[in-house]
Protein chains: 2
Amino acid sequence: MTMSNTGGRRRPPTIHDVAREAGVSRGTVSRVLNGGHYVSPSAQEAVNAAIRKTGYVVNRHARSLITGRSDSVGFLLTEPQERFFEDPNFNVLLRGCTQALAQHDIPLLLMLAGTEDERRRITRYITAGHVDGVLLVSSHSGDPVAQELREAGVPLVACGKPIGLGSKVSYVAADDRDGARDMVRHLLSLGRRRIGVVTGPLDTPGGVERLAGYREVLTEAGVEVDDRLIVSGDYSRASGEAGAERLLAQAPDMDAVFVASDLMAQGVLTALQRAGRRVPQDVAVGGFDDSPAAVAASPELTTIRQPWDRISAEMVRVLLAQIGGEDPAAVILPTELVKREST
Amino acid sequence: MTMSNTGGRRRPPTIHDVAREAGVSRGTVSRVLNGGHYVSPSAQEAVNAAIRKTGYVVNRHARSLITGRSDSVGFLLTEPQERFFEDPNFNVLLRGCTQALAQHDIPLLLMLAGTEDERRRITRYITAGHVDGVLLVSSHSGDPVAQELREAGVPLVACGKPIGLGSKVSYVAADDRDGARDMVRHLLSLGRRRIGVVTGPLDTPGGVERLAGYREVLTEAGVEVDDRLIVSGDYSRASGEAGAERLLAQAPDMDAVFVASDLMAQGVLTALQRAGRRVPQDVAVGGFDDSPAAVAASPELTTIRQPWDRISAEMVRVLLAQIGGEDPAAVILPTELVKREST
DNA sequence: TTCTCTACTGTGAACGCTCACAGAAGCATG
DNA sequence: CATGCTTCTGTGAGCGTTCACAGTAGAGAA
């Protein structure tokens, strides 16, 4: 019972093979591999040729064993509901991070910690040093995992501002408040004065900040902030529909509504149309996210674009910097108003 | 300039620490870690206690270095267009695989190989043994990567049947043909006889098989297969819309249409409604996938559910079996007809 | 010449683990 | 009592790297 050659896989060349081929020592090959300082041009070239010839690829396990680094990072999703997976933004984020890391030749480990059990297992895995850092994605923000990892000294970057974690943890976020301000200002500029809002969950930064932006702009413009015009949802389509119905009941004179996500805005459109209100003539509707849902809706949604591609790139940049020894940092990125048919 | 304790991260306990704590040797601890054979109950217990006490987690790099396995698998997406990322099924697949692997304590490495460059880099990475196997997801199927990896002896499981790779490569797929048969039979049972079809791309197994199922059932039922009732699309919404228009022009008496994806079916609905046909009264519409698009459509789509959760679970099962030395295998999973409003 | 400095190269010792092997202990068998 | 077998345990070697250190050679300065 030999397992010599299962499937034709043979032992890959080692640094030793390269050294022999190039006529130098292991040390010199290693130096070439790690930046090429203190290596003569001739040796440099001989080693590179030998690497090409042998098809050598460094054994990361051996390297990691001695360096203590793993040269990989985790993408951690701590979400009881797997809602994030249905969120199109999640895809962009995941893809963006993978690509940004690939440029540094760093693999991304996808980690899902839905249950308490998984959370424990993954925390152990991470704190044991199997990844150099963690990109954290969680919507609800009193996340114990973030706290634990931070205390264990694991480099960490969150997507969106984590509430109640102090300033010790890095994060990258879109400027929710400013985006909301843009949208509400836009609605005001259209002459609307009875502007409703369907917020996100108020235990998330997005929920809180977008509502704050709404309030600020109305106050600045001298428009009354009417509690009957404020309801909150949970980012789901159904909650948008329910929210709009409540708004219509509480404030029938509403002439615009700012909805804190495109998905909820779709629900709002449905409710408005059922109530016989025309969009945008009777009620203007503004969404948030610029997700595919925004163009799938009819009429197409005016919305706030979150710079997801830049968010992922920045998350990776900040994380790598932190792994490199820099201090935690917060990055806030600007949003953009995208005008379509619904306003 | 010491780097003793950056961020509070200290050197994790080794197998040696556990051995000392338990009063046994490294070897015994190792045996406990790897199944516990040839270990006395008392030693077993002492070691487990020591592991709990020290918080020991095995250093996978050290283990991998000697075993030659990496105890991780890659999830490889070879897609020039990043279309898959927009596909809701992709999420389910990715999540399912991650979770199924997590049960075996195996991390998933997400790999994107969009460009030729990335493809080369990743092939090198994989063939160097940095993952034990690969879950391959690519829609168009003459994929050179699959061929290369297979030749290098890397365990591999594809999602969907790869065309033209011989029987050497494992795959897991839904029974496209049978699903199509179910749908067409369903349409026949409603009394429809002029049943159109919008196929997927005919260089994909899904495209080919679903059309074959359509043909078979009509032939078996003694209903004429009319070429004017057959058009093909590319799974996009727009192509569904265009397809329906062609069908209406070529066969105005069409009373049903089987569409090879829900997204295309959405387009079909749009075109039908524009043409003044009522769904399902004038024309019944059947989709495929049971994606979120199916319930988002109005009327909600009757469709064929692909068992994505089982597909991912089976992919992982087959891959692990193959890593364990078993031969490649093909798994075909049954689909399910989901009746909604559109038929 | 001799010393020092710089640029480069080779070598042994880890890193933390598994594996093969040697041995010990217990028990039944010859 | 020796022998074999089974169950269990400890030990040394080695996986493929990097790192620290000890050289070597050549150039410039004393």
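All values below were derived from every heavy atom in this structure, side-chain atoms included, with hydrogens, water molecules and symmetry-related copies excluded. These numbers were taken from a predicted model, which means no experiment stands behind them.
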How close or far is atom [atom2] of [N] from atom [atom1] of [X], stated in whole angstroms?
X       : N      : atom1 : atom2 : value
A/Arg69 : C/dG16 : CZ    : P     : 15 Å
A/Arg63 : D/dG16 : CZ    : C1'   : 11 Å
B/Gln44 : D/dC8  : CD    : P     : 10 Å
B/His16 : C/dT18 : NE2   : P     : 13 Å
B/His61 : C/dT18 : NE2   : P     : 14 Å
A/Leu65 : C/dA13 : CG    : C1'   : 13 Å
A/Ile66 : C/dC17 : CD1   : P     : 15 Å
A/His37 : C/dC8  : NE2   : P     : 11 Å

Looking only at N and O atoms, is any donor in the side chain of A/Arg26 or the base of D/dT18 less than 3.5 Å from an acceptor on the other one?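 Yes, the side chain and the base share a sub-3.5 Å donor-acceptor pair.
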Would you say C/dC19 has OP1 or OP2 under 4.0 Å from some side-chain N or O of B/Ser30?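 Looking at the OP1 and OP2 atoms of C/dC19, neither is under 4.0 Å from any side-chain N or O of B/Ser30.
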N or O in side chain of A/Thr14 less than 4.0 angstrom from D/dG16 OP1/OP2: no
Where the side chain of [X] is concerned, which of [options] is the nearest nucleotide?
X       : options                : value
B/Leu33 : D/dT11, C/dG16, C/dT18 : C/dT18
B/Ile15 : C/dT9, D/dG16, C/dT18  : C/dT18
B/Tyr38 : C/dG16, D/dC8, D/dT18  : D/dC8
A/Asn34 : D/dT9, C/dC17, D/dT18  : D/dT18
B/Thr28 : D/dG10, D/dT18, C/dG16 : D/dG10
A/Pro41 : C/dG16, D/dT9, C/dC8   : C/dC8
A/Val24 : D/dT17, C/dG10, C/dC17 : C/dG10

Per nearest nucleotide of DNA chain D, the residue lying toward the 5' end, A/Asn59 or B/Ser42, is B/Ser42
Under a 4.0 Å N-O cut-off, is there an ion pair linking B/Arg121 with A/Asp105?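 Salt bridge present between B/Arg121 and A/Asp105.
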Nearest heavy-atom pair of B/Cys159 and B/Leu93: which atoms, and what distance?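 For B/Cys159 versus B/Leu93, the nearest heavy atoms are SG-CD2, 3.8 Å.
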Looking at side-chain heavy atoms only, is the closest gap between A/Leu77 and A/Phe90 below 4.5 Å? yes
Are A/Ile126 and A/Thr123 packed together at the side-chain level, in the sense that at least one heavy-atom pair is separated by less than 4.5 angstrom?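 No; the side chains remain at least 4.5 Å from each other.
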Side-chain donor/acceptor of B/Thr54 to backbone N/O of B/Val18, under 3.5 Å: no
Classify the nucleic acid contact of B/Arg31 as base, sugar-phosphate or nothing, counting any heavy atom under 4.0 Å across all strands shown.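 Base contact - B/Arg31 has a heavy atom under 4.0 Å of at least one base atom.
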